[in-house]
Amino acid sequence: MDYFSTLSYLPGIAALAAGALSPLATLLIVALTLFGVLPMYRRVAGESPHGQGSVAMLERLLPFWKGKLFVLVLLGFVATSWIITITLSSADATVHLLENPVLPDGFPHGTTAAVVVTVVLLLVLGGVFLLGFNEAVGVAIPLVVVFLGLNAAVVVAGLMAIVRDPALLSGWTDALTAGTSGVGDVIGPAVLAFPLLVLGLSGFETGVSMMPLVRGDGLDAEQRMAARIRNTRKLLTTAALVMSGYLIATTLVTTVLIPAEEFQPGGAANGRALAYLAHERLGEAFGTVYDVSSVLILWFAGASAMAGLINIVPRYLPSYGMAPEWGRAVRPVVIVYTLISIAITVAFAADVDAQAGAYATGILAMMVSGAVAVTISALRRRQRAATAGFAALTAVLGYALVENVIEKPDGIAISGLFIAGIITVSLISRISRTTELRAEHIEFDANARRFIADSIAHDGRLHLIANRRQGGDAKEYRLKERAQRGLNPVPGAADVLFLEIDVVDPSEFSGVLHVTGVDVGGYRVLRTTAPAAPNAIAAILLALRDATGVRPHAHFEWSEGNPVAHLLRYLLLGRGDTPPVVREIIRKVEPDPARRPGIHVGG
């Protein structure tokens with residue numbers, strides 16, 4: 001929907017950006033699509049089959065905090081692209097509504113009317129998602145078929161008009177070569193203009209993000225996944241071939257048949273070039289049907305972008321601890337996106353041309369990230385030809401991004417606002433959620449369960465000494481036990497276990513805790529890995545209480561150093577002054593002091 005809907009406005013934007021050169025610039029877009037972007041996203045589909053797209057590929061390549069920060073930046077560009085898809089599509093739908101000749105002459109026109117109608121369309125879109133979008137999906141396929149059929153009729157009518165009047169074509173070629181001295185004078189401006197036409201590439205990332213909806217048959221999960229990847233690649237290839245043909249044909253007929261001044265702001269073809277031809281060449285009745293079809297497919301394009309946002313953003317921020325848990329729910333997220341879309345519509349006065357630069361910036365940023373991801377993937381697999389090809393694609397898309405930012409700086413400004421907003425909200429949420437348990441569930445292996453049972457059987461109590469492993473030999477545990485018995489109220493005859501948390505990736509927020517039991521020279525140790533030591537200790541203590549019915553006691557030493565520095569170390573590295581954080585986590589989880597595991601600190 002997103003991909004094909006660009007036919008409603010792209011020919012007009014192309015003519016406005018490149019003038020008589022727009023068919024040549026479109027040829028460059030088609031070549032880039034078939035020989036660069038399509039192979040890239042076919043590879044992305046194979047390596048990220050769950051709908052995360054190139055973002056997931058880059059996340060795997062960049063671990064720890066730098067990977068999280070990079071993903072947040074990419075999500076800012078994703079939000080830019082898909083939010084502007086929603087607002088631009090709704091704005092262009094409004095153009096088709098307000099410019100239709102059937103509309104009464106007394107109906108309000110102008111900027112205010114355009115903004116009001118666009119906002120109404122956005123509210124309807126948000127309302128449909130609040131009620132449930134699945135019912136509307138079945139309409140999408142026949143709608144695309146009808147829309148493409150109507151566009152084919154407009155193209156055929158346009159080509160017949162050109163054949164009947166060859167002077168039209170010669171007039172275009174004269175305009176194309178006016179003031180030029182060679183082929184280079186024609187190709188050069190076309191190359192400079194093509195970055196503004198990347199709106200014709202907008203559907204690929206959305207298509208990949210919708211992979212979970214692609215059916216894949218098979219006897220087991222592996223076969224079904226392979227079938228899903230195969231079918232997605234067929235979908236991408238078919239869409240690219242069909243759209244390439246339409247882009248070439250529509251930009252040619254609109255450029256040749258529509259006077260240049262009609263593409264300008266306020267002109268009858270601005271934002272609706274094919275609709276202009278539909279009314280002019282095939283009559284008002286057909287033109288009205290075309291307008292209705294355009295409004296519907298543009299609305300569905302906004303819906304597909306909303307579905308993409310709902311699908312991809314909650315997969316990252318809540319799992320990073322960088323959004324409230326309600327961020328996984330559909331309805332609150334839809335409300336937030338709808339309000340943002342309304343704000344952008346008002347800021348841009350529902351102007352299609354004004355939003356094109358921001359749209360292109362978001363699309364190009366996502367494609368550059370995808371090109372980088374597949375280049376690195378090919379390089380790691382020692383695929384020299386693929387590496388060279390994808391590196392060249394990265395350079396081309398990078399050039400287009402830089403050129404677009406220079407030509408339309410408002411796009412990077414909007415992306416910057418989204419990035420800043422996402423990072424700010426993410427950091428605030430991460431800090432506010434640091435005292436959650438952050439354990440999805442806990443698994444104790446056979447040795448760990450045996451150690452716990454033996455310790456309880458010894459005296460009916462459960463004492464654990466927290467230890468940050470150094471050498472990991474028996475001497476370390478002997479000295480640690482001696483020190484703790486001297487500092488903390490560990491009864492002389494009490495049995496003790498050691499509890500060790502290895503912090504592996506503090507940028508992660510939560511996960512499954514696999515607790516293993518290890519015997520080191522007669523000293524029994526419970527070990528696990530986690531993003532943060534205090535949270536893991538609190539979760540294990542509460543799990544032991546619930547599983548055994550015995551209130552466990554944990555014994556610590558005070559940490560040396562500045563409390564503020566310890567807090568920062570905890571937030572960034574998962575370690576700090578552990579005892580007070582463990583106690584605070586337990587206090588928030590368990591309101592009854594009598595049921596809380598005991599926390600003892602000495603030193």
Side-chain angles (χ1 to χ4, degrees), residues 1-16 22-23 26 88-105 107 109 114 117-118 121 139-140 142-165 168-169 171-172 197 199-200 242-302 352-353 356:
M1 302 298 291
D2 179 17
Y3 197 21
F4 292 128
S5 71
T6 58
L7 291 173
S8 296
Y9 51 82
L10 185 59
I13 292 176
L16 199 60
S22 63
T26 301
L88 188 148
S89 297
S90 298
D92 197 56
T94 298
V95 172
H96 283 79
L97 285 172
L98 296 182
E99 297 299 325
N100 188 285
V102 176
L103 203 66
D105 294 335
F107 195 89
H109 286 68
V117 173
T118 304
L121 291 175
V139 183
L143 180 59
V144 168
V145 172
V146 170
F147 181 72
L148 292 179
L150 293 173
N151 277 282
V154 174
V155 168
V156 170
L159 291 175
M160 290 176 63
I162 294 172
V163 170
R164 286 195 300 266
D165 187 359
L168 292 170
L169 192 61
W172 170 63
L197 308 185
L199 307 187
V242 171
M243 188 63 174
S244 295
Y246 271 98
L247 284 177
I248 294 171
T250 55
T251 53
L252 177 63
V253 297
T254 53
T255 303
V256 172
L257 295 176
I258 299 176
E261 61 272 14
E262 297 294 349
F263 291 111
Q264 299 302 314
N270 182 255
R272 56 185 296 273
L274 288 169
Y276 177 95
L277 287 182
H279 284 275
E280 182 185 62
R281 300 288 170 175
L282 296 171
E284 300 298 351
F286 181 91
T288 299
V289 172
Y290 184 90
D291 282 333
V292 172
S293 175
S294 296
V295 169
L296 290 174
I297 198 166
L298 286 164
W299 186 89
F300 267 91
V352 174
D353 297 328

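Distance check, rounded to the nearest 0.5 Å: CD1 of I162 to CG of D165 gives 9.5 Å. Here L121 contributes atom CG and T94 contributes atom OG1; the two are 4.5 Å apart, rounded to the nearest 0.5 Å. Note: L159 CG to L169 CG = 10.0 Å, rounded to the nearest 0.5 Å. The line from OG of S8 to CG of L298 is 4.0 Å long, rounded to the nearest 0.5 Å.
In this structure the side chain of V154 reaches within 4.5 angstrom of the side chain of F286, judged on heavy atoms. The shortest distance between side-chain heavy atoms of I258 and E280 does not fall below 4.5 Å. The side-chain heavy atoms of V144 and F300, taken from C-beta on, include no pair separated by under 4.5 Å. Looking at heavy atoms from C-beta onward, V292 lies out of side-chain contact with H96 at the 4.5 angstrom threshold. Counting heavy atoms from C-beta outward, S294 and F147 have side chains that approach closer than 4.5 Å. You'll find the side chain of H279 reaches within 4.5 Å of the side chain of R272, heavy atoms only. With contacts defined as side-chain heavy-atom distances shorter than 4.5 Å, the pair L7/L247 qualifies.
Nearest heavy atoms, G12 versus A273: N-CB, 3.9 Å. In terms of heavy-atom proximity, Y246 sits nearest to G149 at OH-N, 4.4 Å. The two residues G158 and L257 come nearest to each other via the heavy atoms CA-CD1, 3.5 Å. What you find for V295 and A93 is that their closest heavy atoms are CG2-O, 3.5 Å.
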Would T254 and Y276 count as a side chain to side chain contact (heavy atoms under 4.5 Å, CB included) here? Give the steps.
CA-CA 9 Å; T254 53; Y276 177 95; over 6 Å; no

- Walk me through it: do L97 and D291 pass the test side chain to side chain contact (heavy atoms under 4.5 Å, CB included)? CA-CA 7 Å; L97 285 172; D291 282 333; over 6 Å; no

| request: Verify side chain to side chain contact (heavy atoms under 4.5 Å, CB included) between V289 and L150, making sure each step is shown before the conclusion. | output: CA-CA 9 Å; V289 172; L150 293 173; 4.1 Å; yes

Extract all donor-acceptor atom pairs below 3.5 Å that involve side chains of residues 262-270 and protein atoms in other chains or at least two apart in sequence.
from : atom 1 : to   : atom 2 : distance (Å)
E262 : OE1    : A268 : N      : 2.9
N270 : ND2    : F263 : O      : 2.9
N270 : ND2    : D353 : OD2    : 2.6

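Residues S22 and T251 bring no donor and acceptor atom of their side chains to less than 3.5 Å of each other.
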